[in-house]
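Below is one structure, written out as structure tokens; comments come after it.
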Amino acid sequence: GAVVSQHPSWVICKSGTSVKIECRSLDFQATTMFWYRQFPKQSLMLMATSNEGSKATYEQGVEKDKFLINHASLTLSTLTVTSAHPEDSSFYICSARDPGRGTQYFGPGTRLTVL
Amino acid sequence: AQSVTQLGSHVSVSEGALVLLRCNYSSSVPPYLFWYVQYPNQGLQLLLKYTSAATLVKGINGFEAEFKKSETSFHLTKPSAHMSDAAEYFCAVSDQVQGAQKLVFGQGTRLTINP
């Protein structure tokens with residue numbers, strides 16, 4: 001199946017710093033990518049929908065100024081957690097839509113720990 | 001609005017026994033339904049999807065699911081559990097063509113396999 005990568009797989013940062021997470025579709029062009037957040041032993045919550053070349057669409061309750069999303073190319077979307085705080089610690093998962101297969105493929109996730 | 005309910009946050013079966021994971025959905029339009037599996041600290045892998053074709057859908061690893069409109073259900077089954085099936089399973093619903101747009105996930109069911 002299609003492959004979606006995320007980098008880094010885990011990151012530890014100090015409170016107040018910013019962290020960038022990359023999501024790449026490796027063998028298809030993704031016009032749409034999605035960012036999810038998953039708390040321990042819970043389900044995935046959609047944070048935002050990222051469309052190549054346009055502004056991301058954020059879900060209700062997600063701070064767009066805190067979670068900056070950039071989808072600059074058809075194979076790369078980035079999520080930047082700005083001024084991170086301990087409550088931002090979570091597992092962040094991206095997915096990319098393969099228009100040819102009509103299916104979303106998920107990345108392996110990035111575990112963020114904010115000290 | 002669409003929603004998914006997974007009955008049972010934790011299911012435990014013996015190796016070789018039948019696996020049944022329950023999923024009920026709510027949707028005002030014809031749904032597209034998915035089952036994903038998540039292994040610890042990993043992203044999600046698509047097991048199978050229903051997109052209004054055959055109501056009995058066969059997926060990977062011997063899993064299958066049956067769409068029952070009258071019961072608004074999409075339960076996941078496997079005739080004989082294997083130790084490697086131990087994981088978290090998520091049911092999801094989408095209302096977009098080919099089901100590759102916004103996904104709404106259930107709370108997840110953790111499957112434990114007893115030797």
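Predicted model only: the values in this text are computed from it and were never measured. Lettering follows sequence order; numbering is per chain, from 1.
With a 4.5 angstrom heavy-atom cutoff, B:Leu46 touches chain A only via side-chain atoms. For a residue to count as touching a neighbouring chain, one of its non-hydrogen atoms must lie under 4.5 Å from one of that chain's; by this rule A:Leu44 touches chain B with backbone and side chain alike. Residue contact with chain B, scored on non-hydrogen atoms closer than 4.5 Å, involves the side chain of A:Glu59 exclusively.
Atom NZ of B:Lys58 has 12 or fewer neighbouring heavy atoms from other residues, nucleotides or ligands inside a 6.0 Å radius. The environment of NE2 in A:His7 is sparse: at most 12 heavy-atom neighbours from other residues, nucleotides or ligands sit within 6.0 Å. Atom CZ of A:Arg111 is surrounded by more than 12 heavy atoms from other residues, nucleotides or ligands within 6.0 Å.
Linking Ile, Leu, Val, Met, Phe, Trp and Tyr residues whenever their side-chain heavy atoms come within less than 4.5 Å leaves B:Val57 and B:Phe34 in two separate clusters. Criterion: ILVMFWY side-chain heavy atoms under 4.5 Å apart, direct or through other members. Under it, B:Leu48 and B:Val37 are part of a common hydrophobic cluster.
Legend: side chain to side chain donor-acceptor pair (under 3.5 Å) pairs involving residues 8-20 of chain A, not counting sequence neighbours: none detected.
By the 4.5 Å heavy-atom criterion applied to side chains, B:Phe105 and A:Gln42 are not counted as neighbours. A heavy-atom distance below 4.5 Å is found between the side chains of A:Phe34 and B:Lys102. Using a 4.5 Å cut-off on side-chain heavy atoms (C-beta onward), A:Ser43 and B:Gln107 make contact.
Looking at every heavy atom in both residues, A:Tyr36 comes nearest to B:Leu103 through OH-CB, 3.9 Å. Taking both residues in full, the closest heavy atoms of A:Phe91 and B:Gln38 are given as CE2-NE2, 3.8 Å, listed atom of the first, atom of the second, then distance.
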